[in-house]
Amino acid sequence: GERNYSCFSSSDFYSSLGLEDFLSVGDISGTEEDTDSAILYGTLRGSVVGLRYYTGIVNNNEMVALQRDPNNPYDKNAVRVNNVNGDQVGHIKKELAAALAGIMDSKLAVVEGVVPYGAKNVFTMPVQMSFWGREENREAVLDQLKRHGFKLSPPLKVGSESRFGSKWISGRAGPSYSAPVHAAVQLTTEQLKSEFDKLFEDLKEDDKTCEMEGAETVGTLLLPHQKQALAWMVSRENSNDLPPFWEERSDFYYNILTNFAEKKRPENIRGGILADDMGLVIILIQSLNFCLCRMCVHVSYWFIIWFILICGKYYTLFCYDQFEQHIHQDFNVNIYVYYGSDRSKDPSVLSEQDIVLTTYNILATDYGIRGGSPLHKVKWLRIVLDEGHTIRNPNAQQTKAVLNLEGQRRWVLTGTPIQNSVKDLWSLISFLKMKPFTDREWWHRTIQRPVTTGTPGGLGRLQSLIRSITLRRTKTSKVKGKPVLELPERKVLIQHVTLTEEERQVYQSVKEEGKAAISRFFSEGTVLAHYADILGVLLRLRQLCCHPHLCVNTSSSFSYLSVSADNKTPEELRETLVKKMKLVLSSGSDEECAVCLESLTVPVITRCAHVFCKPCIFEVIRSEQPNAKCPLCRNKLRVEHLVECPPEEEIDSSNGKKSDQEWISSSKVNALMHALIELRRDSPNAKCLVVSQFTTFLSLIENPLKESGFAFTRLDGSMAQKKRVEAIQCFQSSQAGSPTVMLLSLKAGGVGLNLTAASRVFLMDPAWNPAAEDQCFDRCHRLGQKHDVVITKFIVKDSVEENMMKIQNKKRKLAAGAFATKKPSASEVNQTKINEIKALIDL
DNA sequence: ACCGCCGGGTGCC
DNA sequence: ACCGCCGGGTGCC
């Protein structure tokens, strides 16, 4: 909404820096998504009329949806009443509709209905309505109702919504309300956490521990947990079970959450979620391309074989996030790589394939094209989403494109089925076509809200739902009492680095200058308004900890801090946006485009200060016109407001050597080189990753590596796909003379990136988000790793890096306990942010 | 009777 | 709808 505009313009900037996880930037999504903080204002009895004109039928106690019908020729205030299936039951009586229309259109409240009794009436039936909204809108809603002569009853708990399968208690006479049940109990963080752990750790179930031999060619190579996964997947595809929460009654099928019934048997869920936090399954596909470790080769073949043997000659669409071109084609199946400008737009070409590989980005781009996407014209036998969690934003074009694919058997591979809250699950559940959750209203009313408010039974529902469709394997999962995977140890060492006198002087002067500016913001009370600028200060300090050359124009660096944010001319606004974009592009390497989730190609910045690829954001604007909104903050988007990055200056000096500038070292580089040389002396065959967020730093490090005769390779987000594959294969190779060092940018590659050849990691600079570090470490500490993994973090003593570590530790502790609990209030979030800034700059 | 009352026609929004 | 509402027919006691 526009009301939040001023917030967005500053806060979206740090989300594009990827710092929101670290610096507790609150979720400030618009009202439509902000349903979690809704409270119940009260209830109201109304009537549904015109029943005999519609075919939709309901049961007593069944939930109904109220939907505005503004184009109704008889009454612009019309409100439709639909049953769970989406069939219209009738209309809300016009006097009441007149009161509801304004409230619903302005989104002041969400109105939900339940038909308490009289469901079989011929002409009209009662409907019990609940009004939900944000605390601050309560008065406005009550007011609007009052003006039309309606008054809400106190928020009784509506029976069918509050307990698992509970019924309305029918009194002998009059309307049947259940007595107000006790208030919902908010579970403690620990309780919630342990409940969620249980969601996934259910290996005792028969259908998940039963093993199945693979195809003959690979069967002998399967590990027990892989055989289990195979058996489970096959059973899921052939299962005749009703979907969760459905019961067979005498001659119909009954949904115990919504009390909806229908004669037609609800579709089985022929698929599920393979949730795997270490790529045990994800690796199956991706390791095809990194097939240097024997086990991975077979694991991946196994997966392909599974699809061929189980499904016969059918075509299967893989949604492939980390796109790879080199696919082994040893199994005599047709694999079509649907990617690049020469991709066939002919659906029948796709239909001829056994397997079609594509990316979310392509899928989303094609979805909007005139004439329709060929991918959406094929009826797939199977659709497999790799990195399924990337579709967790229900409003993203990618999600919409995925949800609209046709295909009966649907699989989701994801390491993190629930990223932050239950909310994230909806897209996946919807993708699996689980009735009635494909409609977000039923998901929200029956699962999400009960869970987040701690309504008794809510977690139980979620649990049984997840259990029925998910196979979960974690590093600690056990099969027959033995861990599914015994990984070598992982050790993290902190190596402190002391700056030289000279480095310290520069650092100190930049710090004092920044500190003075930030102090001024504090005294002016404009800290949050200058948040982006503050991040800029911190960025420079972080860079100075690494190498003085990373921080280019130090002396005049903060001149822009004094520019007032208001009253800018268009040219000034443009300049500011360009500056912000450059800061984003240089802050950490490989900033992602939120549309394609890949590295930014031709970056442009929106007026709301979000950075996207130019083609990506153009496509968004084109397909959503005339009211295109920013995918990240929902602010209005206009093509003419987009600002491109002026080309004259090289931002990414990826080859490092600033033309003839003489190479100098730094304390941190010295520390690294000392460690590398020692490692080469002690174990000449050991391979290591040198990781930094700054690609320019990696480029600088190339100099001493060459001087000391190291064979090294490099992987960062800016590299073309072919180069990346080459770099990885070359590094993973065990041949003599193959590189022993890989320069790796922190965020390069996806979960599937397999760098198990390395057993040492040198992290050159701490990341804002500890999870990003962990994910990076997991690229070598994963299936296939033969050695203990030692990670060395270089941290400059008495610097912003040390302060970052402190906050990281705090975050880690928080993350360990927090899950789906109530969101902190905006003021709490801001206070945390302010405290973190103070801690970072020693104020 | 510019009323009341009767009884038939009729029926969402 | 075994209702409400509408509008035409009708009109002392």
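Numbers restart at 1 for each chain; the letters A, B, ... are given by sequence-line order, proteins then strands.
With hydrogens and angles left out, the side chain of A:Asp75 and the base of B:dC13 share no donor-acceptor pair within 3.5 Å.
Between B:dG8 and B:dC3, the distance separating the two P atoms is 25 Å to the nearest Å. Rounded to a whole angstrom, the distance from the C1' atom of B:dC5 to that of B:dA1 is 12 Å.
One atom, CG of A:Leu51, and another, C1' of B:dC13, lie 12 Å apart when rounded to the nearest Å. Following rounding to the nearest Å, A:His91 (NE2) and B:dC13 (P) show an atom-to-atom distance of 9 Å. As a whole-Å value, the separation of A:Arg52 CZ from C:dA1 P is 12 Å. Rounded to whole Å, atom P of B:dC13 lies 14 Å from atom CZ of A:Arg68. In this entry the distance linking NZ of A:Lys93 with P of C:dC3 reads 16 Å, nearest Å. What separates CD of A:Glu95 from P of B:dC13 is a distance of 7 Å, to the nearest Å. Remark: C1' of B:dC12 and OH of A:Tyr54 are 6 Å apart, rounded to the nearest angstrom. One atom, CD of A:Gln88, and another, C1' of B:dC13, lie 9 Å apart when rounded to the nearest Å.
No engagement by A:Arg80 is indicated, since no non-hydrogen atom pair under 4.0 Å with the nucleic acid exists.
When the side-chain nitrogen and oxygen atoms of A:Lys94 are compared with OP1 and OP2 of B:dC13, one or more of them lie within a distance under 4.0 Å.
Less than 4.0 Å separates DNA chain B from no heavy atom of any residue of residues 97-106 of chain A.
The side-chain heavy atoms of A:Glu441 and A:Met63, taken from C-beta on, include no pair separated by under 4.5 Å. Residues A:Leu425 and A:Trp443 are in side-chain contact: their nearest non-hydrogen atoms beyond the backbone lie under 4.5 Å apart. With contacts defined as side-chain heavy-atom distances shorter than 4.5 Å, the pair A:Glu62/A:Asn83 qualifies.
Distances from the side chain of A:Tyr53 to the nucleotides B:dC13, B:dG11, C:dA1 place B:dG11 closest.
Base pairing annotation: B:dG9 forms a Watson-Crick or G-U wobble pair with C:dC5, both donor-acceptor distances under 3.5 Å.
A distance-only check finds no donor-acceptor pair linking the side chain of A:Tyr117 to the backbone of A:Asn61 [under 3.5 Å].
The closest side-chain donor-acceptor pair between A:Thr359 and A:Asn361, if any, does not fall under 3.5 angstrom.
Here A:Phe123 packs flat against the base of C:dA1; its ring centre is closer than 5.5 angstrom to the base's six-membered ring, tilted by less than 30 degrees.
The side-chain hydrogen bond (donor to acceptor under 3.5 Å, both in side chains) search around A:Trp442 returns none, not counting sequence neighbours. Scored by the side chain to side chain contact (heavy atoms under 4.5 Å, CB included) test, A:Asp143 finds A:Arg147 as partners (sequence neighbours excluded).
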